[in-house]
Asks: 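Below is a structure I'd like to ask you about.
Here is how names work: the chains are called A, B, and so on, in the same order as the sequence lines, proteins then strands, and each is numbered from 1.
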2 protein chains.
Amino acid sequence: MTPDTSIIVPLAMLSDVATAALRRAGCDAAHARATAGVMVRAEQDGCSSHGLFRLPGYLAALRSGKVAGDATPVVAPLAPGLIRIDGQRGFAPLAMGLARENLAPLARSQGIAAAAIVNVHHFSALWVDIEPLVAEGLGAFCFTSYLPVVAPAGAKTPLFGTNPMAFGFPGADGGFMFDQASASMARGELQILSREGKLAPDGAGVDRDGNPTNDPAAILAGAQSPFGGHKGSSIALMIELLAGVLIGQPTSSEAFREETAFGALEGAGPPRGGVLLIAFDPQQFGDAPGWRAHAASFFSELRALPGMRLPGDRRRRERDRIAREGVALPAALWRDALEAAGHNPVTNRE
Amino acid sequence: MTPDTSIIVPLAMLSDVATAALRRAGCDAAHARATAGVMVRAEQDGCSSHGLFRLPGYLAALRSGKVAGDATPVVAPLAPGLIRIDGQRGFAPLAMGLARENLAPLARSQGIAAAAIVNVHHFSALWVDIEPLVAEGLGAFCFTSYLPVVAPAGAKTPLFGTNPMAFGFPGADGGFMFDQASASMARGELQILSREGKLAPDGAGVDRDGNPTNDPAAILAGAQSPFGGHKGSSIALMIELLAGVLIGQPTSSEAFREETAFGALEGAGPPRGGVLLIAFDPQQFGDAPGWRAHAASFFSELRALPGMRLPGDRRRRERDRIAREGVALPAALWRDALEAAGHNPVTNRE
């Protein structure tokens, strides 16, 4: 079996195996279910860079002892339109679920509200964190930082994280969402290119010496570029402020120093950090119920443009197909997951 | 006197002349002062594309009858964390001032709050709209759309406005702010390049037939590109939703149809539209007063990187110098402004 071989796995089986692997590595049932859930959602939408590919990182983080797989997140009010969810050093998905549960009614009553999610280890796609809010009719912004891997525009040393920002707006067909790294490409995508021996596109980053390169491994060891030059760099900076400074959490470079002090090695999964989630209720902004028809006519006009493709369109198409047909996973990744879940590989090959 | 000649004008004189020109064209005292104010602030910070260069557009908008120079903006609460300011078809600066006055205390009490500014004609730099909030210790986001001049990524037909987004975070030395068009460059910059017979950089846009070009006039007649490909395009789209659909205001393409129906010609100044302003109080996010020192250490680390330049640094340097020395204006632009203000050009040349 070469590493390139892929295997089709039903989503329910993927969910069971990922959950079991997380349980075996020290997650309680709630954490295992929530964390496996975000990987399954990513795979279902064809987003392999945030799917099972992340399991080894989650497991390494648990093994390192830096993540508390049995932490109970705690909700606290900060102001009428603000709450804090302290993840108590668990993985983010459980705390994010609690944040949404508490933030949604607040957004409806206040018009706009925010949740500062702190002391979590965030490793998932960000659209997964806002999709349930959008599905229940709310708009949302979400921001998180990471580890210093992106050089600010003009500089050649990594200081910003890949720092994704997600935005969602409700409407027909699940509404509109985007989730984009402020790096020119997602780190997971570079890791996959490197694993597959492929080249990165021009402008993706520089090597350790600050020279432009197309070698994904050299970029991973050097610095990624922000998307869109100084404008993407400004967005990465904004995210350091929102997910770090504003809510008393480490910036990307502080997270790196914390990891180093802890003795965590590369590949030891996500660092401790914060997430800022803002939700708003379009019903309260003065054009209810008109905004729904307005959104629909706007998107009709947009989709009528030749060449137009909206973020999330591919995900939506993949979603139904993969739920029906199962997900294609690299066989080696699946084998490792089975092993981590304690399955007997011989039995599973029957 | 050639059009290239420039003339140094003290800011106070610029303010008087711009105010007088707006008064003569139909603005009441409050509108004239607020609107001249944003042009002077832009000139003071070396941002000529949003300075006196905009006066002819403001005057044309008044002459066309589409803008009410004596409108009184009206504030209404929408929800505990939301207000609406109806500009009653006046220029934006007066309504934006009222929005800030009402939003700041709300952000302090709620933690986060938003203002939907509707029925305004917005033509200024966006950082001017958030700077007073940042100066009093608040963070802010601001979004507005325009007229369809940017082709969404993948398409060749303009549908999005230049759609600027501004973000500010308080701190030492006036805090951190950026104000960036989601077009790869500001429309005003293209207009200035065209006026000066210079070329636009590669990737700035396409001509009417959808072909890439460096001719700024051809791009102005065709379509600008979003910054950073599909990611900048997503941000432009988000801004159409936030400043248009969410708050019951025209999207960029709807604004164009409204202008056309009104019979407004090109160069008739800004269309009617909305602005979304979100403010938040870092004192409420759970890390007060620590966030101030944290912000300072983050910016120190950032500024220590070789090659690093932060948005706003140039503006800050220019600000003191121009306040002291006056602003260099194209002589023809200044002569036209004097004429619009009813000054006798012969007298002024003495």
Asks: At their closest point, which heavy atom of Arg84(A) faces which heavy atom of Gly286(B), and how far apart are they?
Replies: NH1-O, 3.5 Å
Asks: Please answer whether the main-chain N or O of Lys231(A) pairs with a side-chain N or O of Gln180(B) as donor and acceptor at a distance below 3.5 Å.
Replies: yes
Asks: Find the one option among Ile83(B), Leu310(B), Thr251(B) whose heavy-atom pairs under 4.5 Å with chain A are most numerous.
Replies: Thr251(B)
Asks: Where does Ala181(B) contact chain A at under 4.5 Å (heavy atoms): side chain, backbone, both or neither?
Replies: both
Asks: Between Ala153(A) and Met308(B), which heavy-atom pair has the shortest distance, and what is it?
Replies: O-SD, 4.3 Å
Asks: With a 4.5 Å cut-off on side-chain heavy atoms, are Phe167(B) and Ile235(A) touching?
Replies: no
Asks: Please test Arg309(A) against His230(B) for side chain to side chain contact (heavy atoms under 4.5 Å, CB included), starting from the C-alpha separation and ending with a verdict.
Replies: CA-CA 9 Å; Arg309(A) 209 185 68 182; His230(B) 73 277; over 6 Å; no
Asks: What closest approach, in Å, do Ala114(A) and Phe285(B) show between heavy atoms, and which atom pair accounts for it?
Replies: CB-CE2, 4.3 Å
Asks: I'd like to know which of Leu241(B), Asp287(B), Leu305(B) tops the heavy-atom pair count under 4.5 Å against chain A.
Replies: Leu241(B)
Asks: To the nearest 0.5 angstrom, please state how far the CZ atom of Phe299(A) sits from the CD atom of Glu240(B).
Replies: 10.0 Å
Asks: Below 4.5 Å, heavy-atom pairs only: which of Gly154(A), Ser234(A), Gly228(A), Gly248(A) has the largest tally toward chain B?
Replies: Ser234(A)
Asks: Quick check on Ser233(A) against chain B: is it the side chain, the backbone, both or neither that has a heavy atom closer than 4.5 Å?
Replies: neither
Asks: Would one find more than 12 heavy atoms of other residues, nucleotides or ligands at under 6.0 Å from atom CZ of Arg208(B)?
Replies: no
Asks: Can you tell which part of Leu78(B) gets under 4.5 Å to a heavy atom of chain A, answering side chain, backbone, both or neither?
Replies: both
Asks: Using heavy-atom distances under 4.5 Å, tell me whether Glu254(A) contacts chain B through its side chain, its backbone, both, or neither.
Replies: side chain
Asks: Between Ser109(B), Gly229(B), Gly290(B), who has the most heavy-atom pairs with chain A when the cutoff is under 4.5 Å?
Replies: Ser109(B)
Asks: Decide side chain to side chain contact (heavy atoms under 4.5 Å, CB included) for Phe141(A) and Met238(B); before the verdict, give the C-alpha distance in whole Å, the side-chain angles of both, and the deciding distance to 0.1 Å.
Replies: CA-CA 10 Å; Phe141(A) 298 89; Met238(B) 172 183 84; 4.0 Å; yes
Asks: As an exercise: rank Leu276(A), Asp281(A), Val118(A), Leu159(A) by heavy-atom pairs under 4.5 Å with chain B and give me the winner.
Replies: Leu159(A)
Asks: Determine the minimum heavy-atom distance between Leu302(A) and Pro152(B), stating which atoms define it.
Replies: CD1-CG, 3.8 Å
Asks: Quick check on the interface: out of Ile247(B), Thr157(B), Leu237(B), who has the most heavy-atom pairs with chain A under 4.5 Å?
Replies: Leu237(B)
Asks: Take atom CG in Asn211(A); do more than 12 heavy atoms of anything else shown fall under 6.0 Å from it?
Replies: yes
Asks: Heavy atoms, side chains only, cut-off 4.5 Å: are Leu82(A) and Gln110(B) in contact?
Replies: no
Asks: Against chain A, work out which of Phe160(B), Phe298(B), Phe280(B) has the most heavy-atom pairs shorter than 4.5 Å and name it.
Replies: Phe298(B)
Asks: Considering only heavy atoms and a distance below 4.5 Å, find which of Ser253(B), Gly168(B), Ser297(B), Ala293(B) pairs most often with chain A.
Replies: Ser253(B)
Asks: In terms of heavy-atom proximity below 4.5 Å to chain B, should Pro282(A) be classed as side chain, backbone, both, or neither?
Replies: both
